[in-house]
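The structure appears below as structure tokens.
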Protein chains: 2
Amino acid sequence: MSRRSGILEFAVLGLLRESPMHGYELRKRLNTSLGIFRAFSYGTLYPCLKTLVANGWLIEETGGEAAPPPASGRGVASTSSLAGRRAKIVYRLTAEGKEHFEELLSHTGPDAWEDEHFAARFAFFGQTEREVRMRVLEGRRSRLEERLEKMRASLARTRERLDDYTLELQRHGMESVEREVRWLNELIESERSGRDQRRSSPEGSTRHDTSGETGGLPRNRDNTRPDPSDDTK
Amino acid sequence: MSRRSGILEFAVLGLLRESPMHGYELRKRLNTSLGIFRAFSYGTLYPCLKTLVANGWLIEETGGEAAPPPASGRGVASTSSLAGRRAKIVYRLTAEGKEHFEELLSHTGPDAWEDEHFAARFAFFGQTEREVRMRVLEGRRSRLEERLEKMRASLARTRERLDDYTLELQRHGMESVEREVRWLNELIESERSGRDQRRSSPEGSTRHDTSGETGGLPRNRDNTRPDPSDDTK
DNA sequence: AATTTCATGTAATTCGTTACATGATTCC
DNA sequence: GGAATCATGTAACGAATTACATGAAATT
């Protein structure tokens with residue numbers, strides 16, 4: 001069976017949906033373009049790709065002609081077409097894969113509000129139905145509000161017994177969560193007022209500049225860990 | 001050898017240093033008092049405790065293995081069945097354990113600036129030498145600044161190709177990191193001004209006033225609340 | 001009396017990393 | 001021709017979770 005990672009599977013499917021890629025590039029996109037994801041290692045990625053192929057969500061397209069059974073008629077010639085470099089194994093989403101991804105997109109389990117999961121969901125909001133986006137945002141918010149409740153309670157209970165540093169750490173942690181809640185509030189407000197009803201095409205952006213004041217933070221801790229095989233190094 | 005979790009080991013040692021406890025309580029402290037820690041499960045905690053005992057850093061104190069262990073005379077031994085009642089096991093730090101913990105406290109490897117590790121270190125700053133605190137805070141800060149650099153680069157590189165949501169996620173992530181940097185700056189400033197408040201000779205007596213932080217951390221506000229139980233699950 | 005909370009554990013499983021191998025291509 | 005980077009994998013291990021199993025104490 002292939003109860004693979006969930007988040008990795010989801011992200012891979014989502015990225016490949018935009019365009020076919022080989023493993024190496026995929027990993028880079030995972031770490032940079034979707035900055036939220038922690039750096040998955042090849043030891044994780046490649047086996048996952050195999051599983052996805054085995055499930056029929058992906059097919060491999062080898063660029064090399066050495067293989068006699070290239071069954072599927074693919075028009076992608078080994079050279080020329082792809083900007084200068086030629087990859088060994090290009091993964092492409094199958095129809096079933098696409099279907100599976102859509103299904104994952106619309107399925108909102110209570111998993112979807114957890115830190116990493118939420119970030120992954122959010123990263124593909126461009127492909128997500130508005131209704132689902134709402135559910136995810138609101139789910140996340142109430143998850144955080146729960147968390148806040150506990151933190152407040154704990155703080156009240158232990159206030160006297162702790163030293164300044166511990167207290168400060170808790171205070172800071174709580175503030176972070178509060179910020180994320182505010183951020184979510186703004187996003188939800190945006191969705192409601194119908195900011196952009198988008199479709200999957202990456203069109204121009206209505207960016208408000210990066211110095212915007214939409215305080216808060218989703219990706220709290222554990223983002224990227226140092227990685228031996230890290231890019232941009 | 002037991003290259004156990006590192007952070008769990010560290011936290012357990014640190015908590016037990018303050019006072020002996022049994023496993024169940026330990027876990028609660030891990031989740032609440034030191035709110036930063038993700039909720040370790042019993043499946044993680046108990047085996048870890050065993051390892052620590054095996055290493056000689058802890059000893060188990062069962063209700064008293066001699067004959068009459070009931071502590072305060074109570075309905076003991078009602079279970080006619082032998083084997084003694086299943087007693088609480090209180091763990092106490094041994095001298096070696098204490099020594100080991102001090103060693104961990106003063107050792108600053110590049111691990112120490114990683115997210116979870118850092119939080120654990122910070123939580124025990126009360127027991128930590130000022131000099132070491134400085135190293136950890138500054139190490140953490142430069143780790144984050146590195147991170148920011150990468151994020152900025154990535155953002156600049158991909159700005160055009162991404163949709164609004166992805167961009168927003170990245171923006172938000174960056175802001176979070178920036179915010180933590182500012183926090184660290186304040187803390188570092190506090191440490192600096194807290195040191196040698198009175199008549200500072202660079203050396204002199206190395207009194208460590210672990211409790212009365214003259215520098216003063218940013219104070220926090222009141223949150224009074226009663227509260228029933230809590231448990232992260 | 002029944003339920004909840006306290007308390008301790010184990011086995012199987014999931015998720016992911018490190019370290020190791022290998023080779024092709026590009027840049028200097 | 002040698003280094004760096006691109007590219008793909010595997011085996012061994014690591015850390016932590018879940019689900020299971022047990023039982024005592026306190027509450028209702």
Side-chain angles (χ1 to χ4, degrees), chain A residues 1-11 21-28 30 37-51 53 60 62-64 66 78-79 82-91 111 114 116-117 222 224-233, chain B residues 1-12 21-28 30-31 37-51 53 60 62-63 69-72 74-81 83-91 111 114 116-117 228-233:
Chain A
M1 247 53 79
S2 56
R3 244 316 33 118
R4 273 294 170 196
S5 171
I7 138 159
L8 180 53
E9 171 185 316
F10 179 77
M21 257 177 271
H22 54 261
Y24 191 87
E25 196 182 347
L26 213 33
R27 183 184 180 259
K28 276 208 323 200
L30 248 22
F37 298 134
R38 41 109 88 110
F40 287 102
S41 66
Y42 297 120
T44 311
L45 178 59
Y46 285 118
C48 172
L49 284 170
K50 287 203 160 171
T51 303
V53 169
E60 308 185 337
T62 61
S78 45
T79 54
L82 275 202
R85 239 182 29 229
R86 121 224 255 244
K88 286 198 94 177
I89 303 178
V90 173
Y91 293 91
D111 289 0
E114 294 311 316
E116 306 243 288
H117 237 78
D222 40 348
T224 34
R225 321 193 83 238
D227 192 314
S229 45
D230 210 347
D231 30 77
T232 60
K233 214 175 200 172
Chain B
M1 233 33 124
S2 54
R3 246 311 31 131
R4 272 290 170 200
S5 169
I7 136 161
L8 179 55
E9 169 185 316
F10 180 76
V12 165
M21 257 176 272
H22 55 260
Y24 191 88
E25 195 181 346
L26 214 32
R27 181 183 180 260
K28 275 206 328 198
L30 247 22
N31 301 336
F37 297 136
R38 43 122 76 118
F40 288 101
S41 65
Y42 297 120
T44 311
L45 179 60
Y46 285 118
C48 172
L49 285 169
K50 286 202 160 170
T51 303
V53 169
E60 307 185 336
T62 64
S72 32
R74 271 293 295 283
V76 109
S78 43
T79 29
S80 48
S81 295
R85 57 199 278 262
R86 216 232 262 250
K88 286 204 228 181
I89 301 179
V90 173
Y91 293 91
D111 289 0
E114 292 312 315
E116 307 243 285
H117 235 78
S229 69
D230 67 286
D231 210 287
T232 324
K233 202 67 192 277

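The structure presented is a predicted model; accordingly, all values stated were derived computationally and were not measured. In what follows, chains are A, B, ... by sequence order, proteins preceding strands, each numbered from 1.
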- request: Carefully, step by step, assess V12(B) and L45(B) under the rule side chain to side chain contact (heavy atoms under 4.5 Å, CB included).
  value: CA-CA 9 Å; V12(B) 165; L45(B) 179 60; 4.0 Å; yes
task: Would you kindly give the CZ-to-P distance between F40(A) and dT17(C), to the nearest whole Å?
output: 7 Å
query: Within less than 4.0 Å of OP1 or OP2 of dT8(C), is there a side-chain N or O belonging to Y42(B)?
result: no
field: Result of checking S41(A), C48(A), P47(A) against T44(A) for side-chain contact (heavy atoms from CB on, under 4.5 Å)
entry: S41(A)
query: Does NZ or CZ of R27(B) fall inside the cone over Y42(B)'s six-membered ring, less than 6.0 Å from its centre and within 45° of the axis?
result: yes
message: Does dT10(D) have its OP1 or OP2 closer than 4.0 Å to a side-chain nitrogen or oxygen of K50(A)?
response: yes
message: Side-chain N or O of K88(B) versus OP1/OP2 of dA7(C): is the shortest distance under 4.0 Å?
response: yes
query: Would one find a side-chain N or O of T44(B) under 4.0 angstrom from OP1 or OP2 of dT17(D)?
result: yes
message: To check you understand the geometry: which heavy-atom pair defines the closest contact between G23(B) and L49(B), and what is its length?
response: CA-CD1, 4.1 Å
- prompt: Can you check the Y91(B) OH to dA7(C) C1' distance for me, whole Å?
  reply: 11 Å
message: Using a 4.0 Å heavy-atom cut-off, does G43(A) contact any base of the nucleic acid, only the sugar-phosphate backbone, or nothing at all?
response: base
field: Between P of dC6(D) and CE of M21(A), the distance in whole Å
entry: 16 Å
field: Integer-rounded Å distance: dA25(D) C1' and Y24(B) OH
entry: 12 Å
- request: Determine: side-chain N/O of S41(A) to OP1/OP2 of dG16(C), distance under 4.0 Å, yes or no.
  value: no
- request: Using atom CZ of R27(A) as one end and atom P of dG16(C) as the other, report the distance to the nearest whole Å.
  value: 14 Å
message: To check you understand the geometry: which heavy-atom pair defines the closest contact between L8(A) and F40(A), and what is its length?
response: CD1-CD1, 3.8 Å
- prompt: Could you state the CZ-P distance from F10(A) to dC15(C), rounded to the nearest angstrom?
  reply: 16 Å
statement: From CG of L49(A) across to P of dT8(D) the rounded distance in Å is 9 Å
- prompt: If you check every side-chain atom of H22(A), which of dT8(D), dC6(C), dT10(C) has the closest atom?
  reply: dT8(D)
message: I need the CG-C1' distance between D111(B) and dA15(D), as an integer number of Å.
response: 14 Å
